[in-house]
Number of protein chains: 2
Amino acid sequence: MTDSVAPTSKLPEPGEERRNLPLAPTDEPHQLRADAARNRTLLLDAASRLLSGCGAADLTMESVAAAAGVGKGTVFRRFGDRAGLLIALLDHREKQLQAAFLSGPPPLGPGASAAERLHAFGPAVLRHERDQHALILASRTDPLRNYAVPALHLRINHIAMLLRQANATGDPELLAHTLLGFIDTALVHHLTVERGMPLERLEEAWHHLVTRLGATA
Amino acid sequence: MTDSVAPTSKLPEPGEERRNLPLAPTDEPHQLRADAARNRTLLLDAASRLLSGCGAADLTMESVAAAAGVGKGTVFRRFGDRAGLLIALLDHREKQLQAAFLSGPPPLGPGASAAERLHAFGPAVLRHERDQHALILASRTDPLRNYAVPALHLRINHIAMLLRQANATGDPELLAHTLLGFIDTALVHHLTVERGMPLERLEEAWHHLVTRLGATA
DNA sequence: AGAATAAGTGGACCGTGGTCCGTTTAGGTG
DNA sequence: CACCTAAACGGACCACGGTCCACTTATTCT
């Protein structure tokens with residue numbers, strides 16, 4: 001679980017909502033000092049451990065700090081804020097999914113046609129997110145923050161690329177946003193859990209969408 | 001400026017359903033006691049006034065209570081939490097938009113074809129939300145909360161209805177979610193403000209989407 | 001009218017996220 | 001090795017959202 005994460009971002013206060021962050025491209029690739037790196041994994045481990053014993057909502061920054069044997073200030077210095085910590089936690093698990101659609105076997109990975117890969121993408125994400133929904137939802141404090149998460153960019157670019165390969169009509173980037181919006185954790189959770197909609201219905205709708213939007217003119 | 005807010009409101013909601021969440025504060029129109037109703041408008045007015053003097057992020061519950069001349073507990077009793085207050089504030093302004101697409105003049109309102117109304121809907125919402133984005137984003141603390149807001153249900157049902165009228169293929173409700181997802185405030189703000197995308201590009205993409213998804217089989 | 005009761009009120013109180021700043025330490029340099 | 005600097009640390013501290021509960025008041029009932 002030694003993966004990188006944004007060290008922090010300036011926390012704005014005066015104006016109003018978040019400014020246009022320079023969009024931390026790759027996470028914190030800046031090599032940390034030895035003790036800092038050690039504490040970082042200590043913290044992530046502690047958080048992960050605590051998380052398996054209580055809901056994400058009950059995870060307090062102080063308890064994580066204590067469990068890791070460091071001061072509270074250290075947690076904030078490293079992860080910026082609570083959401084930052086949770087996102088760092090998610091980032092690690094996300095990598096497995098990324099590997100699957102970037103370089104895994106068809107139909108998700110290369111080797112299948114663009115259309116096939118698009119069709120396979122929805123269900124794959126749907127299932128992946130279902131397992132992580134508690135963490136993901138807990139990490140969404142600021143609605144704009146999502147768009148700063150590198151993992152999302154990767155998905156957008158991936159889908160946009162597949163759409164181009166499939167010769168879809170329209171704006172690939174915006175179509176990608178549309179498709180990803182449909183399998184967004186919050187929406188999916190609302191529909192399946194709160195509204196009791198079967199997952200199959202969502203998957204079917206996904207295929208319909210892909211067929212409609214990804215079709216060649 | 002300080003707009004006096006309707007004390008309360010029950011909007012006729014077609015297809016009212018689920019209720020497994022701790023009752024959204026906005027939909028408790030069940031007649032309040034006289035003093036409570038008075039304090040409610042006092043609070044909304046105070047909040048609105050304070051908001052025009054500072055960003056939504058700086059609005060504290062205590063300051064609203066003080067400005068309205070009531071205790072802090074009263075604010076929470078009435079609106080549940082901070083998001084509830086902000087949503088109540090938005091709800092009032094939202095009604096104008098609702099009137100426009102429910103009973104206003106074509107092409108947004110009845111009188112135009114379903115397809116025309118769908119095409120007109122996107123730009124209308126896009127503009128409406130642009131004005132309110134600060135408040136809207138500030139009210140989005142809990143990602144699932146959005147789906148409990150009555151205004152969203154109204155939009156969903158409206159779009160789904162238009163899609164049916166237009167004989168669109170696929171699942172009308174899920175298509176409605178897809179379309180609305182594309183014009184979600186957070187996404188639009190991200191694309192236009194943080195990414196500098198011109199609004200026209202979004203509108204164009206909207207028309208493309210509607211054409212693609214709303215088309216008769 | 002007065003009694004009964006449900007609804008509303010306010011502010012002390014608490015927990016947690018987030019900040020601040022004086023202190024400590026890693027690790028490079030001569 | 002001694003020294004120096006930037007990075008990291010920790011925990012006191014603060015502000016704000018949210019809860020609680022003893023008290024007040026509107027409304028209904030007889």
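On a predicted model such as this, the values are computed, not experimentally measured, just so you know. Letters A, B, ... mirror the listed sequences (proteins, then strands); counts begin at 1.
In this structure, B/Glu62 places its CD atom 8 Å from P of D/dG17, rounding to the nearest Å. Rounded to a whole Å, the CG atom of A/Leu43 is 9 Å from the P atom of D/dG10. Whole-Å rounding puts the B/Leu32 CG to D/dT25 P distance at 19 Å. One atom, CZ of A/Arg77, and another, C1' of D/dA6, lie 10 Å apart when rounded to the nearest Å. The distance between atom CE of A/Met61 and atom C1' of D/dG11, rounded to the nearest whole Å, is 15 Å. Atom-to-atom, CZ of A/Arg78 to P of C/dT19 comes out at 15 Å; the value is rounded to the nearest Å. As rounded to whole Å, 12 Å separates atom P of D/dC9 from atom CZ of A/Arg40. Taking atom NZ of residue A/Lys72 and atom C1' of nucleotide C/dG18, one finds them 7 Å apart after rounding to whole Å.
Salt-bridge formation is not detected for the pair B/Glu129/B/Arg93: no Lys NZ or Arg NE/NH1/NH2 atom is positioned less than 4.0 Å from an Asp or Glu carboxylate oxygen.
A centroid separation of less than 6.0 Å is found between the aromatic rings of A/His158 and A/Phe101.
Taking side-chain N and O atoms only, B/Asn39 has a distance below 4.0 Å to OP1 or OP2 of C/dT9. Taking only side-chain nitrogens and oxygens, A/Arg82 never comes nearer than 4.0 Å to OP1 or OP2 of C/dG18.
In this structure, B/Asp35 and A/Gly73 both approach DNA chain C, and ranking their closest nucleotides by distance from the 5' end singles out B/Asp35. Between A/Asp58 and B/Val70, it is B/Val70 whose nearest contact on DNA chain C lies nearer the 5' terminus. In terms of position on DNA chain D, the residue among A/Ala36 and B/Phe76 whose nearest nucleotide sits closer to the 5' end is A/Ala36.
With hydrogens and angles ignored, no donor-acceptor pair under 3.5 angstrom links the side chain of A/Arg33 to the base of D/dA8.
In this structure, a donor-acceptor pair under 3.5 Å is present between the side chains of B/Arg140 and B/Asn146.
Residue-level contact check: B/Leu59 touches the backbone only, with heavy atoms under 4.0 Å from sugar-phosphate atoms and none from bases. Among the heavy atoms of the strands lying under 4.0 Å from B/Thr74 is at least one base atom, whether or not backbone atoms are also near.
The one candidate from B/Met161, B/Arg164, B/His177 that meets the side-chain contact (heavy atoms from CB on, under 4.5 Å) condition with B/Pro172 is B/Arg164. A side-chain contact (heavy atoms from CB on, under 4.5 Å) with A/Phe121 is found for exactly one of A/Leu126, A/Leu180, A/Leu179, A/Val210, namely A/Leu180.
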